[in-house]
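Have a look at the structure below before the remarks.
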Amino acid sequence: MTMYYFLGSLFLLLLLLFKWWRGWTKMTRLPPGTMGWPLLGETLELIAAYKTTNPEPFTEKRQSRFGPVFKTHLLGKPTIYSTDSEVNKFVLQNEGRLFASSYPMSLEKILGKNSLLLTRGHLHKQLYSLTWSFVSSHVLKSHLMAEIEDIVCSTLSTWRNYIGQEQVIYVQDEAKKATFNVSVNQLLSTSVDAEWIEALRKEYLLLVEGFFSLPFNFPGTTYGRALQARSQITKRVTEVVNQRKALGNEGIGEYQDLLAAFLKQKLTDEQIVDMVISLLVAGYETTSMIITLAVKFLTDHSAVLEHLKAELNSIKNNKKSGDKLSWSDFKSMVFTQCVINETLRMGNMVGGVFRKALQDVDIQGFTIPKGWIVFASFRAVHLDEANFTDAHVFNPWRWLGCNASSNLNFKFTPFGGGPRFCPGHELARVQISVFLYYLLTQFSFALPLRTYMS
Ligand code: HEM
């Protein structure tokens, strides 16, 4: 009997030793880095960096000390932070197999668990292809581009009222109005009026502020206000869903928007609300920010502005007055795409993406332990001198001769990559191009122009 006890204890001891050894070797094969404070990790440093005009030092300081891949602790999770395009490529391409999209719990609460950004497997495929079918180049070509043009023109036409007045126009606000209207138009089309859209937009802005805050849900905190805004948005959208449902199948069939598609596919009310929020989040802030930054870069670089004006005016001069832009006009905006690419490279607000390791993953001599988060930083890759000569200089000409949608072997990934590649990439390009076209061909853009960004 004692013999069995002895052997049993020895076996247990060996097992424990083996487990400890595996854990230990895994830990010693982690990339270098610092984990910061208990629980908080290095989150405050990251948030502080993003609240300034230059978020780079957080990354650059660690990159120069530890190399392109380092460990840290962010938003409550141990994290591998990658500034290496090869690692980012591997992570993006192995979505669903070795890694899964992952966002901090606080963000998941704001987005909702059925958000396209968070769903996985079959539901993700279903919702992704549904979204794609509404924003593909085919749809843009057939009617969406014309609708975008109407929305942009009606936004810019209000500027005429200010002619001759000392009136400040905030490009960012105007771009936001236009892109928000485009998104709502696709989602809910004519079911809602301008007042409803503006009320939704105000609540939505409170919701977005919650993304960049500490997740303390108390009255008066940014995060608390974001969650409150989410429940207001839920109420509003659910009302529209109920009105639409009351029309019955035939009535629903008359609509060509995403809500009709969601209802036909029998999505639940909760899924619909989460999808509406996720599409607004994914498409609105991103596109309007790129428009604003493009205008900012143009005002700072007169040679680029002149070159772009020449391209857009030559398209305008080949059209009869009142003619709409055609798909081939859009395709002929070669330098415009260079300006958009360069703006995306230097100022993309999607700094990178979060993924969670589904198992231990060995890469470049390091181990990413199961359950750890990987942050694939696009911003760092885009601003790396090894990838782009004079990386901090705004030079749209560098893109001439490149395919507009090429990702240069994952060195240029403003729209991500792999199975979660942004379905709205072409829609975004069309919106930005149309906005720039009307801005530069209908308004005189005198320099020096003072630009204000709120
Ligand atoms: C300049 C504008 C835009 C930028 C920079 C951008 C960037 C991105 C990036 C980097 C991702 C990948 C996220 C990840 O891998 O986790 C993404 C995903 C996504 N984007 Fe965009 N996007 C833009 C515009 C749009 C627009 C206009 C739409 C409208 C339909 C849209 C819809 C989406 C959706 C639904 C996803 C989630 C895909 C998924 O998780 O499967 N985006 N976007």
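Read the numbers this way: they start at 1 and go in the same order the structure lists the ligands and their atoms. This one's a predicted model, so the numbers in the text were calculated from it and none came from an experiment.
- Ligand 1 lies nowhere less than 4.0 angstrom from a heavy atom belonging to S101.
- With hydrogens left out, the protein atom closest to atom 23 (C) of ligand 1 is T286 OG1, 3.5 Å, a heavy atom.
- Polar contact with ligand 1: present for H124 (N/O pair, distance under 3.5 Å).
- The cationic atom of R62 (NZ for Lys, CZ for Arg) does not lie both less than 6.0 Å from the six-membered ring centre of Y81 and within 45° of the ring axis.
- Shortest contact from atom 7 (C) of ligand 1 to any protein heavy atom: P414 O, 3.4 Å.
- In terms of protein heavy-atom proximity, atom 34 (C) of ligand 1 is closest to P423 CD, 3.5 Å.
- Across the listed options F415, Y128, Y103, F415 owns the non-hydrogen atom lying nearest to atom 11 (C) of ligand 1.
- Here's the thing with T287: none of its N/O atoms is less than 3.5 angstrom from an N/O atom of ligand 1.
- Under the 6.0 Å distance and 45° angle rule, R398 does not count as a cation-pi partner of F388.
- At least one N/O/S atom of C422, from backbone or side chain, sits under 2.8 Å from atom 21 (Fe) of ligand 1.
- Counting protein heavy atoms only, atom 33 (C) of ligand 1 is closest to A282 CB, 3.4 Å.
- Within the structure, ligand 1 has R355 among the residues with a heavy atom less than 4.0 angstrom away.
- Proximity of the aromatic rings of W397 and F335 is defined here by a centroid distance below 6.0 angstrom, and this criterion is met.
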